[in-house]
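Encoded as structure tokens, the structure appears first; notes follow it.
FYI, the numbering just counts along the sequence from 1. Quick caveat: nothing in here was measured; it's all calculated off a predicted structure.
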Amino acid sequence: MSILRLTAVLEDVTPCVSRTLMVPSDLRLDRLHLVLQAAVGWENQHLYSFEAGPRRWSLPDPHLGLDALPANKATIQQALAAAGHTSLVYTYDFGDDWRHHLTAELTDGPLPGQLYPRLVEAEGRCPPEDVGGPPGYQHFLEAIADPKHPDHDELTEWHDEPFDPSVPDTDTHQLEVLKLAKRWQPRKK
């Protein structure tokens, strides 16, 4: 098994939101989607796609009209090789259009006793789901930071918990990724 060091950076948001994961290169893209959801703290409520050059992988959806290959039939390694790139674009929620730039580099291999995938670094807290994409997120941050902002009360009630955009909930995200690693661990015979 070869292991990739995968860094995902959420585009067009400040402060920076990034996650670094160690993932098997043969991880299917539909599972990578679940890993990314766990690593940022989203709830997998929307459609997604992966892109590399002109190629796209997603869930089959005849109503969407995407010209996409099935995400459950391709691995990270296959997607990178097919497109001739070392990076992918992961888009989550086609309404909010959360675009992540993913870069991958091969490591020396799996470490003994480690489960994969695993979250190794986290920077920044991910925006709340359904906040309205990067522009809505910027508005949200401005409103919750200023008690005199006309939308302050509504948005603090909508989010219903304190929000510090600089501090990710790393322990929770690592645990959620670990749960996936345990679920996908090869069964011993």
Side-chain angles (χ1 to χ4, degrees), residues 1-13 16-107 110 115-134 136-137 168 173-174 176-181 183-185:
M1 169 172 58
S2 58
I3 301 296
L4 297 173
R5 181 179 177 89
L6 185 77
T7 301
V9 179
L10 182 57
E11 297 177 354
D12 303 322
V13 298
C16 179
V17 175
S18 71
R19 301 294 185 264
T20 302
L21 300 129
M22 305 302 277
V23 298
S25 62
D26 63 353
L27 186 69
R28 293 188 332 237
L29 293 178
D30 61 327
R31 287 186 170 188
L32 177 58
H33 161 70
L34 296 175
V35 170
L36 292 168
Q37 290 289 296
V40 299
W42 280 334
E43 299 174 11
N44 190 24
Q45 297 178 352
H46 302 283
L47 295 173
Y48 67 91
S49 70
F50 290 92
E51 298 171 57
R55 296 197 179 194
R56 177 184 277 196
W57 296 264
S58 188
L59 292 174
D61 189 330
H63 305 292
L64 210 62
L66 288 178
D67 184 24
L69 300 166
N72 65 345
K73 303 286 186 199
T75 66
I76 303 168
Q77 185 174 15
Q78 290 167 334
L80 292 168
H85 292 278
T86 58
S87 66
L88 297 170
V89 173
Y90 166 66
T91 303
Y92 174 65
D93 185 350
F94 299 148
D96 280 2
D97 199 34
W98 296 112
R99 294 175 52 86
H100 305 74
H101 182 79
L102 308 179
T103 55
E105 57 185 84
L106 199 56
T107 67
L115 292 178
Y116 297 93
R118 63 189 180 97
L119 176 63
V120 293
E121 292 176 27
E123 179 183 350
R125 187 165 178 188
C126 209
E129 287 206 52
D130 300 322
V131 77
Y137 181 52
H173 302 325
Q174 286 175 324
E176 292 303 315
V177 172
L178 178 62
K179 287 178 186 177
L180 294 173
R183 183 171 15 156
W184 298 333
Q185 185 176 354

Gap between atom [atom2] of [Y] and atom [atom1] of [X] - 0.5 Å precision:
X: R5; Y: E121; atom1: CZ; atom2: CD; answer: 5.0 Å
X: D26; Y: R31; atom1: CG; atom2: CZ; answer: 10.0 Å
X: L4; Y: L102; atom1: CG; atom2: CG; answer: 11.0 Å
X: Q77; Y: S2; atom1: CD; atom2: OG; answer: 5.0 Å
X: H101; Y: L88; atom1: NE2; atom2: CG; answer: 9.0 Å
X: E105; Y: T7; atom1: CD; atom2: OG1; answer: 6.5 Å

Sub-4.5 Å side-chain heavy-atom contact between [X] and [Y]:
X: W184; Y: L34; value: yes
X: W57; Y: L32; value: no
X: S58; Y: L47; value: no

Contacts of type side-chain contact (heavy atoms from CB on, under 4.5 Å), residue [X], not counting sequence neighbours:
X: L115; result: L178, A181, K182, Q185
X: A39; result: R19, L21, L119, V177
X: R118; result: M22, L111, Q114, Y116, V120
X: E51; result: S49, R56, V89, T91, R99

- Message: Can a donor-acceptor pair be found, under 3.5 Å and without considering hydrogens, that links the side chain of H100 to the backbone of A8?
- Response: no
- Message: Could you check whether any side-chain N or O of T107 sits under 3.5 Å from a backbone N or O of I3, counting only pairs where one atom can act as donor and the other as acceptor?
- Response: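 Answer holds: yes.
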- ring pair (Phe, Tyr, Trp, His ring centres under 6.0 Å) involving W98 - partner list, sequence neighbours excluded: W42
- Taking only residues two or more places apart in sequence or in another chain, which ones pass ring pair (Phe, Tyr, Trp, His ring centres under 6.0 Å) with H46?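 Result, ring pair (Phe, Tyr, Trp, His ring centres under 6.0 Å) vs H46: Y92.
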[X] and [Y]: which non-hydrogen atoms are nearest, and at how many Å?
X: P24; Y: I76; result: O-CD1, 3.9 Å
X: H33; Y: F50; result: N-CZ, 3.8 Å
X: S87; Y: L80; result: N-CD2, 3.6 Å
X: K73; Y: Q78; result: O-OE1, 3.8 Å
X: L6; Y: A104; result: CD1-CB, 3.9 Å
X: Q37; Y: N44; result: OE1-N, 2.7 Å

- Message: Using the rule given for side-chain contact (heavy atoms from CB on, under 4.5 Å), can you reason through D30 versus Y48, listing the C-alpha separation, both sets of side-chain angles and the distance that settles it, and then say yes or no?
- Response: CA-CA 9 Å; D30 61 327; Y48 67 91; 3.5 Å; yes
- Query: Within a radius of less than 6.0 Å around CZ of R125, do more than 12 heavy atoms belonging to other residues, nucleotides or ligands occur?
  - Reply: yes
